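Written out below as C-alpha cells is the structure these notes cover.
Just so we're clear, the structure is a prediction, and the values are computed from it rather than from any experiment.
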Amino acid sequence: MTETLRRQDAPLELTIVDAPDIAPVLLSRGESITIGRGNECGLWINHASVSRHHAVLSLGADGATIEDLGSRHGTRVNEVPAREKKPVRVRAGDVLHFGPTSVRVGHHVERIATQLDPSEADDVRTIVFGARGGAEHAMRVLIDVVRTIPLDGDEVSAGQMILERLIAATRLERGLIVRVMDATTDAEIIASAGVRGGSVSRTVLAAAEDLSRVAHLSQEIDIRAAESIAGSGVREVVCARLNTDGAERVYLYLDSRQATSSVDSGMAEFVGAAARITGLVFESFQRRRLEELRQDIARARLVQERLLPLGVGENGAVRWCLKSVPGAMLAGDFAGMLTRSDGAVFAWVGDVAGKGPAAAMLMATAQAWLYGAGIHLDPLDVITSRLNEFIFERSEASEFATLFLAVIHTDGRTEVCDAGHGIAFCVSHGAVQRLEVEGGPPLGLVSGTDYSTSIIELPHASRLVLVTDGVHEQRSSQNEQFGFDRMTKLLSSSTTCESDIEHLIRELTTFAGPHFDDDVTILSIQRVEQR
C-alpha cells in the first residue's frame, strides 16, 4: 500500500522532445514552474520564438494546469491553442508546444541503471523451464500468497507480496519486478522488496528474454566470469520474464550479495514458475479494469440514450425520425426535439469535439441546457449565443461543440442557425439541397460571439435532414469515406423521414461494417398536412 501511495503522489516529469540528452525537469505536487527563455525559468527553452516568461505549469491537488502568460506566439496543448490567462488542464501523456519546441508531460517513475557488457553474453547459464521438478513447498507457499491477494488490489501491492515470499523462499536479498521498454532505456521499477539500491544486469535480462527459460548466475561458477556483476558485489542472480502483452518487457529479478546465498536449479525453476503466476495475476488486474471500463461505458451510453428523444414522433405539423448509433468510444453526438408553446417545433443536432468521458459529459450538459432553453420563445441567435457563453466558461480550450438548430413553424417557415456544424439538407420531391446558412463558429471557442439566423421555407412533404460528421466521414475497410455523394443519392430516392433513416443506416452498415468508428446521428423532420 505504501508503494501505491508513492506512485499516486509521484511528480510530473517534463521532457523536451527534441533534446533527449537534457535531463527531465520534475514538478512536485503543490509546486509551479515557469517556462520560458529567461535564465530564471525552471524549464529553460532557448529559442527566439519563446517568450522570456512564456507560460506557467502548476501541479495541485486536482491535477496539473498550464497558463499562457501572454506570450507572443502562444502555447498549445496537443496542438490546441491555450487561451491567455486561462488555465488549461494538463494530463500525463500530453505534449506542450512552445514555438517549435515540444515538451512531453509524464508521470515520474523510479528508474534503475542497467549494465551491459557484450563479453558477458555467453556467461549466463539458462535452465529450460519445466525440465525438472523441485521447490514443491515453495510453490505451495507462493500459490497460497496469490490466493490472498485482494481482488481490488493492483500490480504494485500484489508484486510486493509475491516478492517478499520469493525472497523468503530463495533466501536472496533483493527482489524487483522491472519494466524495460527498449534496449536504450533504464528499467522502471513496478514493485520491490528487500534490500534497496544497486543496478540490474542487462546481460541477465537478455538471457531471460526467452519465456521458456530462467536466467541464473551463481556465485560458485558464473559470477567470476561476469566481471561487471562481480564488481558490483552481487554473488547470485535469478531472473525470469513475465508473459505480458505489448512492446514492453517485464521481468522478475532477484539477487544477493551474501556469500551464504545459493540457488540450486530446482529453486531457479521455481522462480520461473513464480514469473508465470505473477504474469497471470497482472493480467487478471488488467482484465478487471477493462471489464469495469466496459461496464462504465455501457451505463454512460444508457444515460445518453435516455437524454435523446423518442425515435419517431409527430406534433400535427411535422413528423420526425431520429437514430443515433455510438461509435467505438462514448458518444459525443446529441440531438433533440420539442414542441414550443406557439406550436413550432424546436430541433437540434450537435457534435462535441473528441471522444470519451469528457466529450460525453459536455454532450450531456449541452443537451440538458437546450431542453431547458427550448421551451421559451427566444430567437435562435440569442439561444446560441447564450449556450456559447455557457460552454466557454465551463470547458477547456480543446473542448467545443458544433450545433445546427432549427425552429419549424406551423406554416412551414423555418428559422435555422449553424454554429460551425455545416451538415444539413433540405429534401423536396427528390431534389436534395445542402444548406449553407449563416450562423457562427463552434460553441465554446470564442467568448462574446454574435450568431445570426436564416429563414428557409419547408413545403408540405419536404424534409429537413440533420446529420453529424460520423455519416459522411465513416470509412470502409479500404479507408474510403462514405462521402456526401452517397448521402445525396440515398436521400433523393427516399420519400419519408423513416426511410431516410432506414436507407442511410443500412448503407452505412454495408459500407463500413456493423461497428462504426465514429458516432452516427441522423434526424429527419418531415412537414405533414395538419389534421
Side-chain angles (χ1 to χ4, degrees), residues 299-326 330-354 357-395 399-410 414-421 423-424 439-440 442-444 449 451 453 458 464-468 470 497 501 519-527:
R299 287 191 288 266
R301 282 179 173 168
L302 181 60
V303 172
Q304 289 182 319
E305 290 173 3
R306 291 171 179 167
L307 289 171
L308 294 171
L310 295 175
V312 178
E314 186 174 345
N315 78 337
V318 299
R319 181 174 176 80
W320 67 82
C321 189
L322 170 67
K323 183 71 174 180
S324 186
V325 182
L330 283 175
D333 289 2
F334 57 103
M337 293 280 297
L338 59 87
T339 303
R340 305 194 315 186
S341 59
D342 60 353
V345 171
F346 178 50
W348 64 88
V349 165
D351 187 4
V352 174
M361 287 295 294
L362 185 56
M363 165 265 178
T365 301
Q367 183 81 333
W369 194 96
L370 285 166
Y371 271 119
I375 60 175
H376 303 291
L377 304 182
D378 294 326
L380 280 186
D381 56 345
V382 174
I383 292 176
T384 310
S385 295
R386 289 175 179 171
L387 179 55
N388 176 65
E389 291 302 311
F390 182 85
I391 294 177
F392 180 86
E393 293 172 358
R394 293 165 177 82
S395 63
E399 297 171 346
F400 60 90
T402 66
L403 180 66
F404 194 99
L405 304 98
V407 175
I408 303 103
H409 296 273
T410 55
T414 302
E415 303 172 52
V416 293
C417 180
D418 186 357
H421 194 73
I423 319 173
L443 304 173
T449 300
Y451 289 84
T453 59
L458 193 65
L464 177 65
V465 183
L466 311 178
V467 303
T468 55
C497 57
I501 304 294
D519 315 329
V520 167
T521 299
I522 308 167
L523 174 61
S524 180
I525 308 166
Q526 186 170 21
R527 190 171 171 226

Look up atom [atom1] in [X] and atom [atom2] in [Y], then write down how far apart they are to the nearest 0.5 Å.
| X | Y | atom1 | atom2 | answer |
| --- | --- | --- | --- | --- |
| I522 | L322 | CD1 | CG | 9.0 Å |
| T365 | F334 | OG1 | CZ | 10.0 Å |
| T453 | L380 | OG1 | CG | 6.5 Å |
| I383 | D378 | CD1 | CG | 5.5 Å |
| L466 | S524 | CG | OG | 8.5 Å |
| D342 | T410 | CG | OG1 | 8.0 Å |

What are the two closest non-hydrogen atoms of [X] and [Y], and how far apart are they?
| X | Y | result |
| --- | --- | --- |
| A419 | T384 | CB-CG2, 4.1 Å |
| P379 | D381 | CB-OD1, 3.1 Å |
| R340 | L377 | NE-CD2, 3.6 Å |
| Y451 | P442 | OH-O, 3.6 Å |
| L464 | A406 | CD2-CB, 3.7 Å |
| H409 | E415 | NE2-OE2, 2.8 Å |

Open item on the list: Walk me through whether E399 and I391 qualify under side-chain contact (heavy atoms from CB on, under 4.5 Å).
Closed with: CA-CA 9 Å; E399 297 171 346; I391 294 177; over 6 Å; no
Open item on the list: Using 30° and 60° as the class boundaries, would you call the ring planes of W348 and Y371 parallel, tilted or perpendicular?
Closed with: perpendicular
TODO: Decide side-chain contact (heavy atoms from CB on, under 4.5 Å) for L403 and L370; before the verdict, give the C-alpha distance in whole Å, the side-chain angles of both, and the deciding distance to 0.1 Å.
DONE: CA-CA 11 Å; L403 180 66; L370 285 166; 4.1 Å; yes
Does the [X] side chain pair with the main chain of [Y], one donor and one acceptor, at a distance under 3.5 Å?
| X | Y | answer |
| --- | --- | --- |
| H421 | V467 | yes |
| T521 | T468 | no |
| Q526 | C497 | yes |
| N315 | V318 | yes |
| D333 | D351 | no |
| Q367 | A335 | yes |

Open item on the list: Going by the rule side-chain contact (heavy atoms from CB on, under 4.5 Å), which residues pair with A347 if we only count those two or more places apart in sequence or in a different chain?
Closed with: M337, L523, I525
TODO: Could you go through the side-chain contact (heavy atoms from CB on, under 4.5 Å) check for F404 and I423 one step at a time?
DONE: CA-CA 8 Å; F404 194 99; I423 319 173; over 6 Å; no
